[in-house]
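Each chain gets a letter, A, B and so on, in the order the sequences are listed, and its residues count up from 1. Predicted model, so just to flag it, every value in this text is computed and none were measured.
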Protein chains: 2
Amino acid sequence: MSLYHPAADEIELPAVLHALSDPQRLRIVRKLNADPEPRPCGGFDVKVSKSTCTHHFRVLREAGVIEQHQLGTARLNLLRRADLDRRFPGLLDAVLESAATETAAAV
Amino acid sequence: MSLYHPAADEIELPAVLHALSDPQRLRIVRKLNADPEPRPCGGFDVKVSKSTCTHHFRVLREAGVIEQHQLGTARLNLLRRADLDRRFPGLLDAVLESAATETAAAV
DNA sequence: GCAAATGTACGATGATCGTCGTATAATCAT
DNA sequence: ATGATTATACGACGATCATCGTACATTTGC
């Protein structure tokens, strides 16, 4: 089972925005950005079931936001920052900073 | 019938990203940005029915992306640039530039 | 007053979404 | 081998979405 990843040039803006428009997925991406080491799916404080988690990681991967690599039973997740920055310069940072200020304002 | 608009501080990131994740709505926002004059709903080259158009404008308005003001039978649409820039600095521009490069790449 | 123009309201429809539970596969440690 | 760990697959559920057509409301112009 090989994991589908869109090529860098195939990443589409609506798909990326949709992937980032879910709070759970946004939380995942923020964590992945704050701590850029490859991280298994379990290493996120997401408050949904495992199945739902799998779903969210797939949405992020198929949109081109993250990369997933199998390592034993674990699946390591990695932000595709370089690809995203090349394709949509400034977008990821703008979203991440927006998420940070929103959290700050809410707390 | 008064039109609901979220206050600037109530604009939420997931709602904005979701609003911008639809190609039709993204086209509307791009037009509104390129030509910042208030513009009735009919003044957009969107390829969907009138009812669908009404729906998209409502999604954009309720997310806080646009402002709508009734003027006779027409409803004037306006980008809430100042509010968006204050709440989520750089986000709107990043999305708009991403949309522009994506279009350029596709053509 | 009447017709045209602008846009909404109200369903309806098929698609997608986010969520879950259970069952299953694959690896690792003992 | 056994058991624990990690994560998927599959099917299901209710909710939301994008779309449409038809009917209606309001204003504008003659």
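- Rounded to whole Å, the distance from CZ on Arg75(A) to P on dA9(D) is 7 Å.
- Atom NZ of Lys50(B) is separated from atom C1' of dA5(C) by 8 Å (rounded to the nearest Å).
- Closest approach of Leu20(A) and Leu17(B) over heavy atoms only: O-CD1, 3.3 Å.
- In this structure, the side chain of Ser98(A) engages the main chain of Ala94(A) through a donor-acceptor pair within 3.5 Å.
- One can place NE2 of His69(B) at 14 Å from P of dT8(C), the figure rounded to the nearest angstrom.
- Checking dA7(D), dG7(C), dT19(C) against the side-chain heavy atoms of Thr52(A) singles out dT19(C) as nearest.
- Between Arg81(B) and Asp93(B), at least one side-chain N (NZ, or NE/NH1/NH2) sits under 4.0 Å from a carboxylate O, which counts as a salt bridge.
- At distances below 3.5 Å, at least one donor-acceptor pair connects side-chain atoms of Glu102(B) with backbone N or O atoms of Leu13(A).
- Spacing between atom CZ of Phe44(B) and atom C1' of dT6(C) amounts to 14 Å, rounded to whole angstrom units.
- Rounded to an integer number of Å, the gap from CD of Gln68(B) to C1' of dT6(C) is 13 Å.
- If you measure from atom CZ of Phe57(B) to atom C1' of dT6(C), you get 12 Å, rounded to the nearest angstrom.
- Salt bridge Arg39(B)/Asp35(B): present, at least one basic N to carboxylate O contact under 4.0 Å.
- The phosphate of dT8(D) has neither OP1 nor OP2 within less than 4.0 Å of any side-chain N or O from Arg58(A).
- Nearest-nucleotide positions on DNA chain C for Leu76(B) and Lys47(A) put Leu76(B) closer to the 5' end.
- DNA chain C is contacted by no residue of residues 12-39 of chain B, taking any non-hydrogen atom closer than 4.0 Å.
- Regarding contacts with the backbone of dC20(D), a side-chain N or O of Ser49(B) is found under 4.0 angstrom from either OP1 or OP2.
- Nearest to the side chain of His56(B), among dT19(D), dT8(C), dA7(D), sits dT19(D).
- Nearest-nucleotide positions on DNA chain C for Gly72(A) and His55(B) put His55(B) closer to the 5' end.
- At distances below 3.5 Å, not a single donor-acceptor pair connects side-chain atoms of His56(B) with backbone N or O atoms of Thr54(B).
- Atom P of nucleotide dT6(C) and atom CG of Leu3(B) are separated by 19 Å, given to the nearest angstrom.
- Between Cys53(A) and Val48(A), the shortest heavy-atom contact is N-CG2, 4.2 Å.
- In this structure, of dC10(C), dT6(C), dA18(D), it is dC10(C) that holds the atom nearest to the side chain of Ser51(B).
- A straight line from CD of Glu62(A) to P of dT16(C) spans 13 Å, rounded to a whole angstrom.
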